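Data block below; observations after.
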Amino acid sequence: MARRDETIIGLDIGTTKICVVVAEPTENGIDVVGIGTHPSRGLRKGVVVDIDATVESIKHAVEEAELMADCEITSVYAGIAGSHIRAFNSHGVVAVKDRDVSIGDVKRVIDAAKAVSIPMDREVIHVIPQEFIIDDQDGIREPLGMSGVRLEAKIHIVTAAVTSAQNIVKCANKAGLNVIDIVLEPLASAEAALAEDERDLGVCLLDIGGGTTDIAVFAEGSIHHTSVLGLGGSHITNDIAVGLRTPFEEAERVKKKFGVAAARFLGSDDVISVPSVGGRKPREVSRKILCEIIEPRVEEILSLARQSLEKEGLEDSIPSGVVLTGGCSALAGLPELAEEIFETTVREGIPGNIGGLQDVVRGPMYATGVGLVLFGAAQGRQNARFRIRDRSIFGRVKQRMRDWLYQF
Ligand SMILES: Nc1ncnc2c1ncn2[C@@H]1O[C@H](COP(=O)(O)OP(=O)(O)OP(=O)(O)O)[C@@H](O)[C@H]1O
Ligand SMILES: [Mg+2]
């Protein structure tokens with residue numbers, strides 16, 4: 001098999017599926033050249049709980065992607081999610097040394113903003129500058145070379161439980177893959193699903209997956225809030241399985257085929273046949289009953305997501321509305337219910353900003369995988385510019401903090 005050094009690979013270790021996206025950089029961006037997916041069995045709520053099962057799933061997804069792209073996969077950008085993720089904004093101030101802001105000043109101000117105590121069991125995943133302020137001039141994205149005496153930086157810091165991050169790297173390594181970097185999944189999904197003008201105006205990305213709901217809020221072009229809730233489509237399926245006393249697989253099937261986010265969005269109230277557990281006879285159930293089981297859970301997920309915005313005072317800062325991704329966003333009536341709960345416009349986020357085999361990754365469940373390769377491509381361009389040498393994942397994490405500066 002050919003080994004293409006420039007190939008970028010995203011590894012989305014989801015609660016319900018592992019997804020590997022293979023892309024090649026082009027002049028205009030990236031071309032998707034392969035994808036591999038396999039059901040995921042070793043995760044709960046976005047966190048690895050069974051290493052061997054996860055490794056097996058990764059291997060299958062990688063094999064499929066290798067066949068499709070006709071290349072050997074060795075290094076990946078891996079996603080991370082789970083309710084252990086904590087993110088917050090911080091702020092630092094320094095004096096500019098020689099009147100013009102130098103790279104040293106920028107590093108010092110980021111260090112000052114980063115100087116918050118982070119518990120030993122947490123690892124910093126991202127340090128993202130939001131804006132720089134020189135003297136009284138705010139909203140500066142590229143402070144290098146500007147004149148001033150006082151430099152301020154506002155940054156967004158994302159931390160994860162060290163053990164969860166290590167387990168992701170461990171699973172990838174055991175599947176024969178080197179992890180170039182770990183990337184927060186809502187940031188990856190945002191990379192694939194959001195338009196530049198939406199980020200400038202203010203937008204909320206909601207990735208409702210199988211075991212987690214990922215939230216990312218952008219305003220004035222930069223990230224303001226990220227959060228991960230440990231709730232997703234598997235909880236809806238579980239409620240249906242319990243409520244209709246049917247096996248999980250059947251509950252999943254009826255959810256996708258007949259489910260609607262709220263009973264009031266149901267057109268006609270048909271009767272559906274649902275298999276029972278333990279060899280009992282199938283039962284006839286009204287579709288309205290099914291929707292009444294789904295509705296409270298979907299409402300809970302959307303309300304918690306809204307509360308997460310309210311806690312940060314951001315509910316009125318998203319004039320571009322909400323963009324839905326993740327497998328669950330395919331649930332009928334979900335955009336309508338989200339519009340009611342968020343009191344704003346809602347659209348479905350299909351992975352974009354890519355060329356090549358766009359059609360195979362058009363589903364909202366591929367936003368994270370596509371976002372990971374877009375993130376990798378952006379980082380590759382930075383690395384080429386600054387000639388970063390190969391180093392361990394944790395060394396790279398540190399290097400990336402510096403790279404974020406240059407992206408401004
Ligand atoms: N047409 C559909 N209608 C309703 N739900 C759907 C539909 N298609 C997929 N889903 C649900 O989407 C969920 C899977 O979404 P996705 O593939 O984004 O999750 P994941 O990435 O594996 O998990 P996570 O990101 O939470 O770790 C499942 O719960 C599945 O039932
Ligand atoms: Mg996902």
Side-chain angles (χ1 to χ4, degrees), residues 10-21 35-49 53-54 57-58 61 78-85 160 164 167-168 171 183-193 205-216 227-241 248-262 265 287 290-291 293-295 297-298 301 305 323-335 337-338 348-351 361-372:
L11 171 66
D12 171 14
I13 307 178
T15 311
T16 60
K17 54 123 189 28
I18 308 278
C19 173
V20 176
V21 178
I35 181 171
T37 54
H38 197 265
S40 163
R41 309 239 178 268
L43 273 88
R44 268 180 65 86
K45 298 184 184 181
V47 173
V48 177
V49 291
T54 308
S57 301
I58 294 177
I80 187 166
S83 45
H84 59 94
I85 298 290
S164 298
N167 282 339
I168 285 175
C171 287
V183 182
L184 184 67
E185 288 180 12
L187 285 176
S189 304
E191 200 74 35
L205 176 111
L206 214 54
D207 184 315
I208 314 181
T212 64
T213 294
D214 305 344
I215 304 159
S227 167
V228 179
L229 307 173
L231 273 178
S234 307
H235 297 84
I236 304 173
T237 308
N238 222 24
D239 292 347
I240 298 171
F248 191 87
E249 289 70 28
E250 282 302 324
E252 181 76 14
R253 187 184 65 83
V254 294
K255 175 179 83 171
K256 288 183 185 170
K257 196 159 178 207
F258 303 107
V260 176
F265 300 140
R287 224 174 135 190
L290 170 71
C291 298
I293 297 174
I294 296 176
E295 186 172 341
R297 186 64 89 173
V298 179
I301 295 174
V323 177
L324 287 174
T325 65
C328 246
S329 59
L331 180 68
L334 191 87
L337 189 60
E348 201 181 340
I350 301 293
V361 291
R362 273 201 87 71
M365 66 281 274
Y366 300 126
T368 309
V370 172
L372 287 170

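Note that the structure is a prediction, hence the values are computed from the model and not measured. Atom set for the values below is all heavy atoms of this structure, side chains included, hydrogens, waters and symmetry mates excluded. Position 1 is the first residue of the sequence, and the numbers go up from there. Both counts, for ligands and for their atoms, begin at 1 and track the order of listing.
- Within the structure, ligand 1 lacks Gly232 among the residues with a heavy atom less than 4.0 angstrom away.
- A 4.5 Å side-chain heavy-atom check between Val21 and Tyr366 finds every atom pair outside the cut-off.
- The neighbour count for Lys255 NZ, taken as heavy atoms of other residues, nucleotides or ligands under 6.0 Å away, is above 12.
- Of the protein's heavy atoms, Lys255 CE, 3.6 Å lies nearest to atom 5 (N) of ligand 1.
- Put simply, the side chain of His38 does not reach to within 4.5 Å of the side chain of Ile58, judged on heavy atoms.
- In terms of protein heavy-atom proximity, atom 25 (O) of ligand 1 is closest to Thr212 OG1, 3.6 Å.
- Taking 4.5 Å as the limit, some side-chain heavy atom of Pro335 sits within range of a side-chain heavy atom of Leu324.
- Residue-ligand proximity: Ala81 is placed with every non-hydrogen atom at 4.0 Å or more from ligand 1.
- At the top of the distance list for atom 6 (C) of ligand 1, counting protein heavy atoms only, stands Gly327 O, 3.5 Å.
- No donor-acceptor distance shorter than 3.5 angstrom exists from the side chain of Lys45 to the backbone of Gly210, with no hydrogens or angles considered.
- By the 4.5 Å heavy-atom criterion applied to side chains, Asp239 and Thr237 are not counted as neighbours.
- Inter-residue side-chain proximity for Ser234 and Thr16 is flagged as met; some heavy-atom pair is nearer than 4.5 Å.
- The atoms of ligand 1 that sit less than 4.0 Å from any heavy atom of Cys328 are 11 (C), 12 (O).
- Inter-residue side-chain proximity for Ile236 and Cys328 is flagged as met; some heavy-atom pair is nearer than 4.5 Å.
- Summarising the contacts of atom 29 (O) of ligand 1 with Gly233, Gly79, Gly14, Cys19, the nearest heavy atom is found in Gly233.
- Ligand 1 has an N or O atom lying under 3.5 Å from an N or O atom of Thr15, backbone or side chain.
- The protein atom (non-hydrogen) at minimum distance from atom 1 (N) of ligand 1 is Ala330 CB, 3.5 Å.
- Ligand-side atoms of ligand 1 in range of Leu331: 3 (N), 4 (C), range being under 4.0 angstrom from any heavy atom.
- Within ligand 1, counting atoms from 1 as listed, the ones closer than 4.0 Å to a heavy atom of Gly211 are 23 (O), 24 (P), 26 (O).
- The shortest N or O to N or O distance between Gly210 and ligand 1 is under 3.5 Å.
- Considering both main-chain and side-chain atoms, Asp214 never comes within under 3.5 Å of ligand 1 through any nitrogen or oxygen pair.
- Each of Ile18, Thr368, Val183 was evaluated against Asp12; a single residue qualifies, Thr368, per the side-chain contact (heavy atoms from CB on, under 4.5 Å) test.
- Numbered from 1 in the order shown, with element, the atoms of ligand 1 that lie under 4.0 Å from a heavy atom of Ser234 read 29 (O).
- With salt bridges taken as basic N to acidic carboxylate O contacts below 4.0 Å, one links Glu252 and Lys256.
- Considering backbone and side-chain atoms together, Ile13 places no N or O closer than 3.5 Å to any N or O of ligand 1.
- Numbered from 1 in the order shown, with element, the atoms of ligand 1 that lie under 4.0 Å from a heavy atom of Gly326 read 18 (O).
- Residue Ser40 places every heavy atom at 4.0 Å or more from ligand 1.
- Among protein heavy atoms, the minimum distance from atom 22 (O) of ligand 1 is reached at Thr16 OG1, 2.6 Å.
- The backbone N or O of Leu231 lies less than 3.5 Å from a partner atom in the side chain of Thr213, making a donor-acceptor pair.
- The closest donor-acceptor contact from the side chain of Ser329 to the backbone of Glu348 lies at 3.5 Å or more, if one exists at all.
- Of the options Arg44, Glu252, His235, the smallest heavy-atom separation from atom 30 (C) of ligand 1 is shown by Glu252.
- With hydrogens left out, the protein atom closest to atom 17 (O) of ligand 1 is Lys17 NZ, 3.0 Å, a heavy atom.
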